[in-house]
A.B. asks: 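This structure is in structure tokens; I'll ask about it shortly.
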Amino acid sequence: MELSESYPIIKALILANLKSRMQKGEVVRFVYLKKDGTMRQAVGTLQPDAVKANIVGTGHAVGKEQLAYIDLEKMQWRSFLKENLVGIIE
């Protein structure tokens, strides 16, 4: 298998790792490509208490192609297209 063939698998594993870590309450630094083409370095979580505190019921649902998270720098919900994930910063 060539690298180009395995890239989608690698990206899916990184995405699953990111989502799992955030759902466990970890604060994770990661990078993704924004719609305008710029890179965004984010600090986010899906820690249950933070999620409860930030549910306001006025937003819109994200599609299955997106990942929503709580941006800890802005203290707001954000989302990005899963395919635009660049990586996790350790």
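Since the model is a prediction, treat every value here as computed from it, not as a measurement.
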A.B. asks: Could you see if V43 belongs to whatever hydrophobic cluster contains L18? Use Ile, Leu, Val, Met, Phe, Trp, Tyr and a side-chain cutoff under 4.5 Å.
C.D. replies: yes
A.B. asks: Would you say M22 and L67 make side-chain contact, with heavy atoms under 4.5 Å?
C.D. replies: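 Yes, their side chains come closer than 4.5 Å.
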A.B. asks: Give the minimum heavy-atom separation between A68 and S79, together with the two atoms involved.
C.D. replies: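 Looks like CA-CB, 3.9 Å.
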A.B. asks: Does any non-hydrogen side-chain atom of I70 lie less than 4.5 Å from one of Q76?
C.D. replies: no
A.B. asks: So, for A42 and Y69, which heavy atoms are closest and what is the spacing to 0.1 Å?
C.D. replies: CB-OH, 3.5 Å
A.B. asks: Donor-acceptor pairs under 3.5 Å, side chain of residues 23-30 to any protein atom, not counting sequence neighbours: which ones?
C.D. replies:
unit_1, atom_1, unit_2, atom_2, d
E26, OE1, R21, NE, 3.0
E26, OE1, R21, NH2, 3.3

A.B. asks: So, does K11 use its side chain to make a donor-acceptor pair with the main chain of L85 at under 3.5 Å?
C.D. replies: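 Pair found, side chain donor or acceptor close to backbone of L85.
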A.B. asks: When you group the ILVMFWY residues by side-chain heavy-atom contacts below 4.5 Å and let the links chain together, are Y7 and V86 in the same group?
C.D. replies: no
A.B. asks: Show every ring pair (Phe, Tyr, Trp, His ring centres under 6.0 Å) that has at least one partner inside residues 31-50, sequence neighbours left out.
C.D. replies: Y32-F80
A.B. asks: In Å and rounded to the nearest 0.5 Å, what is the CG to CD1 distance from N17 to I88?
C.D. replies: 4.0 Å
A.B. asks: Quick check against the 3.5 Å criterion: does K82 have a side-chain atom that pairs as donor or acceptor with the backbone of L15?
C.D. replies: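 No, because the side chain of K82 does not come within donor-acceptor range (under 3.5 Å) of the backbone of L15.
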